[in-house]
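What follows is one structure encoded as structure tokens, with my remarks underneath.
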Amino acid sequence: MEFESLKGFRDFYPGEMAARRRVWDTVHSVARSYGFQEVNAPSLESLELYEVKSGEEIVEETYSFEDKGGRDVTMTPELTPSLARMFVSRQQALAKPVKWYSIPKLWRYEQPQSGRLREFVQPNFDVYGVESAAADAEVVAFAHALLTELGLTDEFELRISHRGVVEGYVERYGLDEDDAADVYRAIDKSERLSDDELRGQLRANGLQPEEVDEIMELCSSGGAFTPEVLESAVDVDSERATEAVERLMETSKELERYDVLDSCRFDPSIVRGMDYYTGVVFECFDVEGSLRAIFGGGRYDSLVEEFGGQATPAVGFGMGDATLQQLLERSDEWPEESATLDYYVAVVGDVRDTAVNVARGLRREGFVVELDVTGRGFGDQLEHADRVGADNTVIVGERDLEQGEVTVKDMETGDQRQVPVEEFL
RNA sequence: GCCGGGGUGGGGUAAUGGUCAUCCUUUGGCCUUGUGGAGGCCAAGACCCGGGUUCGAUUCUCGGUCCCGGCCCCA
């Protein structure tokens, strides 16, 4: 009976794991350099956790089931609710601002396609307890640093907006909740729709022709993320939208300090699907425009309170591994897929006592060492050493040991030298 | 949930309604029991699963499944 992995789930073999390890190492180190602390959350949560604030569609796409105790549970489809839950339960003890990150596996029950699987890794970064535009900018600047450290330069673009812009417009139209949600969705998709399709959608959701015109104009008002562009973006009488734009202008000034403004665009069509976002929202795309979003996030200032905590502002984002890998591979920045070995210890003759000690000595020094345990012939051992990519082979053999020596062979050049065995013990 | 294209040894491929299948690579062994990554020889290893048509199916057909991609949706 032979088995295969489940649909949308991946097996990772050593070569690929070595590459992924390098990528995650970079993510860890950049996160730490920005003062984020690593946390971890369960992989299984109560389904209710997502029913409160994530949105209906999200819950439909969860990998969920009833457990043996009759509880409705789900493999975690996103991390933000778990982190918010964790934050609430320790809220009193935590020094604010709290900066947490995690690199969890997440699951969603969907049809796999390019850049989307049922099990994926999604690093998450969140800041709790600061309401300022400076915090928004720090998070966006961090995201920029992350991609830069991974080797990307101008292959990506950060699109930033504020929920309040679109909401300020739409609340004036007096739509019911469902129609409003559909309007947001249509705006979110505007890039992929033709003007006529977008107009049709908006009309279908109850907007008047002049209202449709307003939205169409708003959607085309994007541009550089500069105060000048932002200032002229909103030209309707909406306090909400005006405040949102003022907030974005502040964010723009902050981002300029990080010198990342060139990678940022104002894009009012960025809405985000999650119901919990309340302020600035952003997504990162490849400049070519052929991939899904590299990452996405924003401000969610009411989720902590909804989860029973004291009102606490928060901002963060998540970055899926599949699309990130696609972009890094396309940019030739995905790491080499190879494992490394510093020393292979060959055993020739009846010398296992010494060979084991040589291996132990090298390992104590911190080297990556493989010791022959097969007992196969010398030629085969060398071939294997070559095959697994050993930099050096230490040949522990009876003949050399009579002189108290071992032979160290540089596998790249083939050069050999005799070394007193004591040096390795 | 819907739609399109695919599935041949571990990886990559070829051909085919009929001596159960090609080549490269891989793996094991030998030439060579202390010098490899070269070469030669030998060996191992596959038609996604199930039903149907047929004397006979890897090939045709239907269903399933998985992969790739698209729609819906998108954390």
Side-chain angles (χ1 to χ4, degrees), chain A residues 1-11 13 15 49-50 53-63 74-83 104 106-118 120-124 126 181-182 184-186 188-189 192 271-277 281 283 290 292-298 300 303 316-323 326 344 346-351 372 374-390 392-402 406-416 418:
Chain A
M1 185 69 189
E2 191 170 342
F3 300 99
E4 45 188 32
S5 63
L6 287 172
K7 179 184 203 157
F9 286 70
R10 295 166 290 178
D11 295 325
Y13 289 90
L49 185 65
Y50 307 91
K53 251 308 193 182
S54 297
E56 281 169 48
E57 301 84 6
I58 302 313
V59 171
E60 277 167 32
E61 288 160 7
T62 55
Y63 215 111
T74 182
M75 303 297 288
T76 51
E78 57 162 332
L79 195 66
T80 302
S82 296
L83 289 189
L106 298 173
W107 298 265
R108 47 192 195 198
Y109 198 85
E110 290 186 300
Q111 218 46 250
Q113 52 191 275
S114 179
R116 193 209 297 192
L117 296 148
R118 286 187 173 177
F120 54 99
V121 178
Q122 186 180 74
N124 274 256
D126 293 270
D182 284 346
Y184 295 143
R185 193 167 305 136
D188 198 38
K189 272 199 297 192
R192 279 169 290 151
V271 180
R272 307 283 295 151
M274 309 306 294
D275 288 352
Y276 51 65
Y277 288 115
V281 284
E283 291 185 0
S290 57
R292 291 171 189 285
I294 313 298
F295 60 75
Y300 49 103
L303 189 61
F317 70 97
M319 179 168 74
D321 66 324
T323 309
Q326 286 178 325
Y344 182 85
V347 184
V348 184
D350 187 18
V351 295
D372 178 68
T374 65
R376 62 181 146 201
F378 182 54
D380 290 335
Q381 291 191 48
L382 275 180
E383 191 177 332
H384 184 253
D386 183 53
R387 194 63 209 286
V388 297
N392 301 282
T393 295
V394 180
I395 303 160
V396 183
E398 287 173 350
R399 211 166 65 196
D400 294 344
L401 281 179
E402 286 171 16
V406 294
T407 302
V408 179
K409 185 182 184 73
D410 182 317
M411 296 301 281
E412 181 69 29
T413 63
D415 296 342
Q416 302 191 167
Q418 302 297 119

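All heavy atoms count here, side chains included; hydrogens, waters and symmetry mates do not. So you know, we letter chains A, B, ... as the sequences are listed, proteins then strands, and number each from 1.
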- Query: Can you check the A:Y184 OH to B:rC73 P distance for me, whole Å?
  - Reply: 17 Å

- A:D380: partners by side chain to side chain donor-acceptor pair (under 3.5 Å), with sequence neighbours left out: none

- For A:R376 and for A:R108, locate the closest nucleotide of RNA chain B by heavy-atom distance; then report the residue assigned to the nucleotide nearer the 5' terminus. A:R376

- Message: Could you tell me how far apart A:R116 (CZ) and B:rG69 (P) are, to the nearest whole angstrom?
- Response: 11 Å

- Message: Suppose you measure atom P in B:rC62 against the same atom in B:rC42; what distance do you get, rounded to whole Å?
- Response: 44 Å

- Query: Does B:rA43 have a Watson-Crick or wobble mate here (both distances under 3.5 Å), and if so which one?
  - Reply: B:rU27

- Item | Distance, rounded to the nearest Å, where A:D321 contributes CG and B:rA75 contributes P | 16 Å

- Task: Check the distance between B:rG69's P and A:Q111's CD and give it to me in whole angstrom.
- Result: 12 Å

Please list, for nucleotides 34-36 of chain B, all pairs of protein and nucleotide N/O atoms separated by less than 3.5 Å.
from, atom 1, to, atom 2, distance (Å)
B:rG34, O6, A:G397, O, 3.4
B:rG34, O6, A:E398, N, 3.1
B:rG34, O6, A:R399, N, 2.4
B:rG34, O6, A:D400, N, 3.2
B:rG34, N1, A:D400, OD2, 3.4
B:rG34, N2, A:D400, OD2, 3.1
B:rU35, O2, A:K409, NZ, 3.0
B:rU35, O2, A:Q416, OE1, 2.5
B:rU35, N3, A:Q416, OE1, 2.5
B:rU35, N3, A:Q416, NE2, 3.2
B:rU35, O4, A:Q416, NE2, 3.4
B:rG36, N1, A:M411, O, 3.2
B:rG36, N2, A:D386, OD1, 2.6

- Measure from CZ on A:R118 to P on B:rA75 and round the result to the nearest Å. 19 Å

- Message: Any side-chain to backbone donor/acceptor pair from A:D415 onto A:D410? Under 3.5 Å, distance only.
- Response: no

- Task: Just compare B:rC66, B:rC71, B:rG28 and give me whichever is closest to any side-chain atom of A:Q113.
- Result: B:rC71

- Considering only atom P, compute the distance from B:rA21 to B:rU16 and round it to an integer number of Å. 16 Å

- Between OH of A:Y13 and P of B:rU26 the distance, given in whole Å, is 19 Å

- Message: Looking at B:rG1, which nucleotide sits across from it as a Watson-Crick or G-U wobble partner, both distances under 3.5 angstrom, or is there none?
- Response: B:rC71

- Does A:R185 place a side-chain N or O at less than 4.0 Å from the phosphate oxygens OP1/OP2 of B:rC74? yes

- Expressed in whole Å, how much space separates the P atoms belonging to B:rA46 and B:rC23? 16 Å

- Task: Output yes when a side-chain donor or acceptor of A:E398 lies under 3.5 Å from a complementary backbone atom of A:V351, and no otherwise.
- Result: no

- Message: With a 4.5 Å cut-off on side-chain heavy atoms, are A:Q113 and A:R292 touching?
- Response: yes

- Task: Could I get the full list of side chain to side chain donor-acceptor pair (under 3.5 Å) partners for A:D400, not counting sequence neighbours?
- Result: A:T407

- Task: List for me each residue that meets salt bridge (Lys or Arg N to Asp or Glu O under 4.0 Å) alongside A:R116, sequence neighbours excluded, and say none if there are none.
- Result: A:E110

- Query: When all nucleic acid strands are considered with a 4.0 Å heavy-atom cut-off, which category describes A:G115: base, sugar-phosphate, or nothing?
  - Reply: nothing

- Query: If the P atom of B:rG5 is compared with that of B:rU61, how far apart are they to the nearest Å?
  - Reply: 12 Å

- Would you kindly give the CZ-to-C1' distance between A:R10 and B:rC67, to the nearest whole Å? 14 Å

- Could you work out the separation of B:rC48 and B:rG12 based on their P atoms and round it to a whole Å? 14 Å

- Any residue meeting salt bridge (Lys or Arg N to Asp or Glu O under 4.0 Å) with A:D321, in chain and number order, not counting sequence neighbours: A:R10, A:R20

- Query: Of all residues at least two apart in sequence or in a different chain, which pass the side chain to side chain donor-acceptor pair (under 3.5 Å) check with A:T374?
  - Reply: A:D372, A:R376

- Message: Please give the distance between the P atoms of B:rU59 and B:rG18 as a whole number of Å.
- Response: 11 Å

- May I ask you to decide if the ring planes of A:Y277 and A:Y300 are parallel, tilted or perpendicular, using 30° and 60° as cut-offs? perpendicular

- Message: I'd like the C1' distance from B:rC30 over to B:rC66, given in whole Å.
- Response: 41 Å

- Query: Want to settle it: does A:G8 or A:E110 sit nearer the 5' end of RNA chain B, counting the closest nucleotide to each?
  - Reply: A:G8

- Task: For B:rA57, give its Watson-Crick or G-U wobble partner with both distances under 3.5 Å, or none.
- Result: none

- Query: Rounded to whole angstroms, how far apart are CG on A:D188 and P on B:rC73?
  - Reply: 10 Å

- Message: Using atom P in both nucleotides, what's the gap between B:rA14 and B:rU8 to the nearest angstrom?
- Response: 10 Å

